[in-house]
2 protein chains.
Amino acid sequence: MKKTDLRVVKTKEALKEALVFLLKEKSLKSISITEICSIAKVNRGTFYSHYEHVEDLFEDYYKDIMKDLTDSYLEPYKHVQILDTGQLNPATIRIFHHIAKYEKFYKIVFSKTAPLSYYYLLLEHIQQLMEKDFGSLSPAEEDRSMLSAYQANAIIGLAVEWHRQDFRQSAEEMNRILVRLLRYTTG
Amino acid sequence: MKKTDLRVVKTKEALKEALVFLLKEKSLKSISITEICSIAKVNRGTFYSHYEHVEDLFEDYYKDIMKDLTDSYLEPYKHVQILDTGQLNPATIRIFHHIAKYEKFYKIVFSKTAPLSYYYLLLEHIQQLMEKDFGSLSPAEEDRSMLSAYQANAIIGLAVEWHRQDFRQSAEEMNRILVRLLRYTTG
DNA sequence: ACTTTTATTATACAAGTGTTCAATAAAAAT
DNA sequence: ATTTTTATTGAACACTTGTATAATAAAAGT
């Protein structure tokens, strides 16, 4: 693994900083590559040697946040014994708190014009975390990915609806709603 | 309700036809407004008086398909009595067959670069269909939208995973997988 | 320190975008 | 059939995009 060129690191940092700056005053959709480069003081051609679209840069930023937050997701798991069912344990799900904390960020991720790639990044992340809970009753190998896709996307569905209702519930309320919903779906 | 101007109808039809034609040979992302207008023999300025982006035109096309298919979704419900639980009834879910039938279309809808708006159109559609099943045990008013969001998105999660695996399972297999998964999640 | 490698820059170009406007032509209204 | 309304056109504009090139400067390798 060769260490990356310092110039590349600096360039990417400058671009990311410019994007974050611009996101505070306008929508992702309205931010142009030219604009980012002008603020970052980076040549536009250099942008294209690293990314294709503004969205790719945002995705880089996104990945950073996901990484930073993996620990906070996993944190509650340290206090609980291994779950003995494949069911979701609402008490251990920190996702609603996470989304509330980064509300502004998720308003971009869940906006109609956002590319599906952002959604997929979140989905994959949650899928991975959930697969930890399969533990004992691991479904057939071929069903594993389907089960995690099913459960993870169900949770994201709540987040999407939450977003649609402009986050009027608190994260705690969302967890309580989840408990109630599981009661319905499990008969 | 004033009848729409014939010119508008003709223009929109020409644009839609041009888009569908182009989608057969290239990706949605690579299709320009200029290109569509050139084929449709419509002035570019006219395009902008109806739509903002190529995606908006596609969304129009999308809605048509959704409408055409609502009947096929509901068709199985005519042969079954009212469901007595809020649970998903895999036998009545025609969605996997629908997706298989329009596989090429859904490869666009589920592609990473597609805007989330396509996803939402599908979600809303399925949500509405599912809310019909709540019947007797209707959850509290405030939980209704959350429950349908949860269940509808869970199903779409399977479709997304199906797409990720390049639709290697048949629609029937997907329905069987759903039955198995419900066994896990309902303990 | 010196050389080699390569990321970045400056510049230019063809094409697409988003917008505006007066002129035109097609449809609706009478 | 004639008038009124309005969608469409053509043309022009500043701007962004995507791509390519040689020149430069900065980092890595020795």
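Each chain gets a letter, A, B and so on, in the order its sequence line appears, and its residues count up from 1. We use all heavy atoms of the structure for the numbers below, so side chains are in, but hydrogens, waters and symmetry mates are not. Computed from a predicted structure; not experimentally measured.
- A close approach under 4.0 Å does occur between a side-chain nitrogen or oxygen of T46(B) and OP1 or OP2 of dT9(D).
- Residues forming a ring pair (Phe, Tyr, Trp, His ring centres under 6.0 Å) with H97(B) (at least two apart in sequence, or on another chain): none.
- In this structure, N43(B) atom CG and dT20(C) atom P are separated by 15 Å, rounded to whole Å.
- Residue K41(A) is the one, among L6(B) and K41(A), whose nearest nucleotide of DNA chain C lies closer to the 5' end (criterion: closest heavy atom).
- Screening residues 104-127 of chain B for salt bridge (charged side-chain N to carboxylate O under 4.0 Å, His left out) gives E103(B)-K107(B), K107(B)-D166(B) as the qualifying pairs, with residues at least two apart or on separate chains.
- K10(A) comes within 4.0 angstrom of the backbone, heavy atoms only, and of no base.
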Please write out the pairs of protein N or O atoms and N or O atoms of nucleotides 15-19 of chain D separated by less than 3.5 Å, giving the distance to one decimal.
from, atom 1, to, atom 2, distance (Å)
dT17(D), OP1, I33(A), N, 3.2
dT17(D), OP2, I33(A), N, 3.3
dT17(D), OP2, T34(A), N, 3.1
dT17(D), OP2, T34(A), OG1, 3.0
dG18(D), OP2, Y48(A), OH, 3.1
dG18(D), N7, R44(A), NH1, 3.0
dG18(D), O6, R44(A), NH2, 3.2

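- Every residue two or more places apart in sequence or in another chain that forms a ring pair (Phe, Tyr, Trp, His ring centres under 6.0 Å) with H163(A) is listed here: F110(A), F167(A).
- The distance from atom CZ of F47(B) to atom P of dT19(C) is 12 Å, rounded to the nearest whole Å.
- Salt-bridge annotation for E161(A) and R164(A): present, with a side-chain N of the basic residue lying under 4.0 Å from a carboxylate O of the acidic one.
- Atom CD1 in I36(B) sits roughly 12 Å away from atom C1' in dG16(C) (whole-Å rounding).
- In this entry the distance linking CD of E13(A) with C1' of dT8(C) reads 16 Å, nearest Å.
- The ring pair (Phe, Tyr, Trp, His ring centres under 6.0 Å) analysis of residues 8-49 of chain B, with sequence neighbours excluded, yields the pairs F47(B)-Y51(B).
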Verdict with reasoning, Q165(A) to S145(B), per side-chain contact (heavy atoms from CB on, under 4.5 Å) | CA-CA 10 Å; Q165(A) 294 182 22; S145(B) 59; 3.1 Å; yes

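- Among the nucleotides dT8(C), dA28(D), dT8(D), the one closest to any side-chain atom of T11(B) is dT8(D).
- Under 4.0 angstrom from either OP1 or OP2 of dT8(D) there lies at least one side-chain N or O belonging to H50(B).
- Under 3.5 Å, the side chain of R7(A) and the base of dA27(D) form no donor-acceptor pair of N or O atoms.
- Rounded to 10 degrees, the angle between the two end axes of the helix from dT3(C)-dA28(D) to dT30(C)-dA1(D) is 40°, with five pairs used at each end.
- A salt bridge links R180(A) to D143(B): one of the charged nitrogens lies within less than 4.0 Å of a carboxylate oxygen.
- Aromatic pair Y106(B)/H98(B): ring centres closer than 6.0 Å.
- Nearest nucleotide to the D5(A) side chain, out of dA28(C), dT9(D), dA7(C): dA7(C).
- One atom, CD of E55(B), and another, P of dT17(C), lie 10 Å apart when rounded to the nearest Å.
- Between E55(A) and K29(A), no side-chain nitrogen of the basic residue sits less than 4.0 Å from a carboxylate oxygen of the acidic one, so the salt-bridge criterion is not met.
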